[in-house]
Amino acid sequence: MRVNTSKKVIRVLIFCILFLGAMTMVVPFLWMLSTSFKEANLVYQIPPQWIPKPVDWENYIELFTKTNILNGIGNSVIVSACVLIFGTFSTSLSAFAFAKLDVPYKNVLFLCVLSSMMVPFVVLLVPQYIIYTKVKWINTLLPMIVPGALGSVSMMFFLRQYMSGLPTELLEAAKIDGCGYFKIYYQIFLPLCKPALISNIIMVFMGTWNDYLGPMIFVNDSKKYTLQVVIKMLNSYHETQTDIPLVMAASLIAILPILILFIFCQKYFVDSMAITGLKG
């Protein structure tokens, strides 16, 4: 009985800790949602008014009629879609090669690729800017699209670990049946990596959709701004002070695509993390 009682106490403690951790993430989101429907003079009211009275829809109307947020959403969609489509293809293909193909010095090449993760982005910033200036990519979306479309090292490492756990006998059997390596990749291994692919798509989409530093540095034309830069520019939308409800409304719109994607794909996300962890 004492053992069962101690287990229940431990479970209650773990639940309370996880609940408090969840609240640190949920409460700011609820405050943002509430503030997006408030009038500006009610934002700093103490005690805070969690249910706005009155509910003010003008923030969303002003957001879509008086700012260039639609431009920002369109640019972010273009960048994210290109990176997801081309980046997922190139990364998964290279992961398949590192996981299943017999290539001379494969492990050495893999370590060289992984070592590039150790180089901070700020170190590469000046050389990248010089290169993009030479090829006339500044003030276009190409600096955000092309590097991501060539693949992600972290995503390649994750997929390589996942593919390494798949039976090599599938590759040998397909070769006996006359399949080429590319056919084996997209007809056998790619479908089997569906959970890992979806979880990586979520992570890559989050990183690309939320990217602020790249667009802020490489883009000067307001028509080419991505959504995150547009939100930042809302801070200077008014001369006297920042319109907090307007910024919160824009931030909520920016979060929705990631939230919806994660809700529909969370099963694959959890499964891939669990399976890869066991294989590692």
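Below, all heavy atoms of this structure are taken into account, side chains as well, without hydrogens, waters or symmetry copies.
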Side chain to side chain contact (heavy atoms under 4.5 Å, CB included) evaluation trace for L171 with F96: CA-CA 11 Å; L171 176 67; F96 170 72; 4.3 Å; yes
Verdict with supporting geometry, K38 and N59, side chain to side chain contact (heavy atoms under 4.5 Å, CB included): CA-CA 8 Å; K38 289 179 181 177; N59 298 319; 5.6 Å; no
Chi angles and distances behind the side chain to side chain contact (heavy atoms under 4.5 Å, CB included) call for M155, T88: CA-CA 8 Å; M155 182 177 175; T88 300; 3.9 Å; yes
Audit row: I138, N220, side chain to side chain contact (heavy atoms under 4.5 Å, CB included) steps and yes/no: CA-CA 8 Å; I138 297 299; N220 303 317; 4.2 Å; yes
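Contact annotation: the side chain of I231 never approaches that of Y212 to less than 4.5 Å [non-hydrogen atoms, C-beta and beyond]. Side chains of D211 and Q228 form no contact here, defined as non-hydrogen atoms less than 4.5 Å apart. In this structure, L63 and L246 have side chains that are in contact, with non-hydrogen atoms separated by less than 4.5 Å. A heavy-atom distance below 4.5 Å is found between the side chains of I184 and K175. Considering only heavy atoms from C-beta on, W137 stays 4.5 Å or farther from M144 through its side chain. Proximity of P215 to Y225: side-chain heavy atoms (C-beta onward) are nowhere separated by under 4.5 Å. Taking 4.5 Å as the limit, every side-chain heavy atom of N107 sits out of range of all side-chain heavy atoms of L111. You'll find the side chain of F157 stays beyond 4.5 Å of the side chain of F98, heavy atoms only.
The same ILVMFWY cluster, assembled from side-chain heavy atoms under 4.5 Å apart, contains both W31 and F19. When hydrophobic clusters are built by joining Ile, Leu, Val, Met, Phe, Trp and Tyr residues whose side-chain heavy atoms come closer than 4.5 Å, directly or via intermediates, L93 is grouped together with L101. When hydrophobic clusters are built by joining Ile, Leu, Val, Met, Phe, Trp and Tyr residues whose side-chain heavy atoms come closer than 4.5 Å, directly or via intermediates, V247 is not grouped with L256. A single hydrophobic cluster is not seen to contain both I61 and F64; linkage of ILVMFWY side chains at heavy-atom distances under 4.5 Å, directly or through other members, places them apart. Both L109 and L114 belong to a single network of hydrophobic side chains, linked directly or stepwise wherever heavy atoms of I, L, V, M, F, W or Y lie under 4.5 Å apart.
With T133 contributing its side chain and Y129 its backbone, the two residues share a donor-acceptor pair below 3.5 Å. For T208 (side chain) and F205 (main-chain N/O), no donor-acceptor pair under 3.5 Å exists by modelled atom type. W209 contributes a side-chain N or O that, together with a main-chain N or O of A254, makes up a donor-acceptor pair within less than 3.5 Å. Distance alone, capped at 3.5 Å, is enough to place a donor-acceptor pair between the K100 side chain and the M163 backbone. Looking at T35, its side chain never comes within 3.5 Å of a backbone N or O of M248 through a donor-acceptor pair. Counting only distance, with no hydrogens or angles, the side chain of S80 and the backbone of V77 share no donor-acceptor pair below 3.5 Å.
The aromatic rings of F182 and Y186 sit tilted, their planes meeting at an angle between 30° and 60°. Classification of the F89-Y185 ring pair by plane angle, with boundaries at 30° and 60°, yields perpendicular. Between Y132 and F218, the two ring planes are perpendicular [angle over 60°; tilted spans 30° to 60°].
Nearest heavy-atom pair across A99 and S164 is CB-OG, 3.8 Å. Here the closest non-hydrogen pair linking L252 and S36 is CD2-OG, 4.2 Å. Taking both residues in full, the closest heavy atoms of L159 and A196 are given as CD2-CB, 3.7 Å, listed atom of the first, atom of the second, then distance. Nearest approach of M156 to V113, heavy atoms of both residues: CE-CG1, 3.6 Å.
The neighbour count for K106 NZ, taken as heavy atoms of other residues, nucleotides or ligands under 6.0 Å away, is above 12. Shown here is F86, whose CZ atom has no more than 12 heavy atoms of other residues, nucleotides or ligands within 6.0 Å. In F15, the CZ atom is not crowded: 12 or fewer heavy atoms of neighbouring residues, nucleotides or ligands sit closer than 6.0 Å. The number of heavy-atom neighbours closer than 6.0 Å to OH of Y181, taken from other residues, nucleotides and ligands shown, is 12 or below.
Separation of atoms CG (N210) and CG (L227) is listed at 9.0 Å; rounding is to 0.5 Å. Distance check, rounded to the nearest 0.5 Å: OG1 of T226 to CG of N71 gives 11.0 Å. Interatomic distance, I78 CD1 to K224 NZ, rounded to the nearest 0.5 Å: 10.0 Å. Note: R11 CZ to C16 SG = 14.0 Å, rounded to the nearest 0.5 Å. For the atom pair CD1 (I188) and SG (C179), the distance works out to 5.5 Å, reported to the nearest 0.5 Å. Note that CG of L84 is 6.5 Å distant from CD1 of I201, once rounded to the nearest 0.5 Å.
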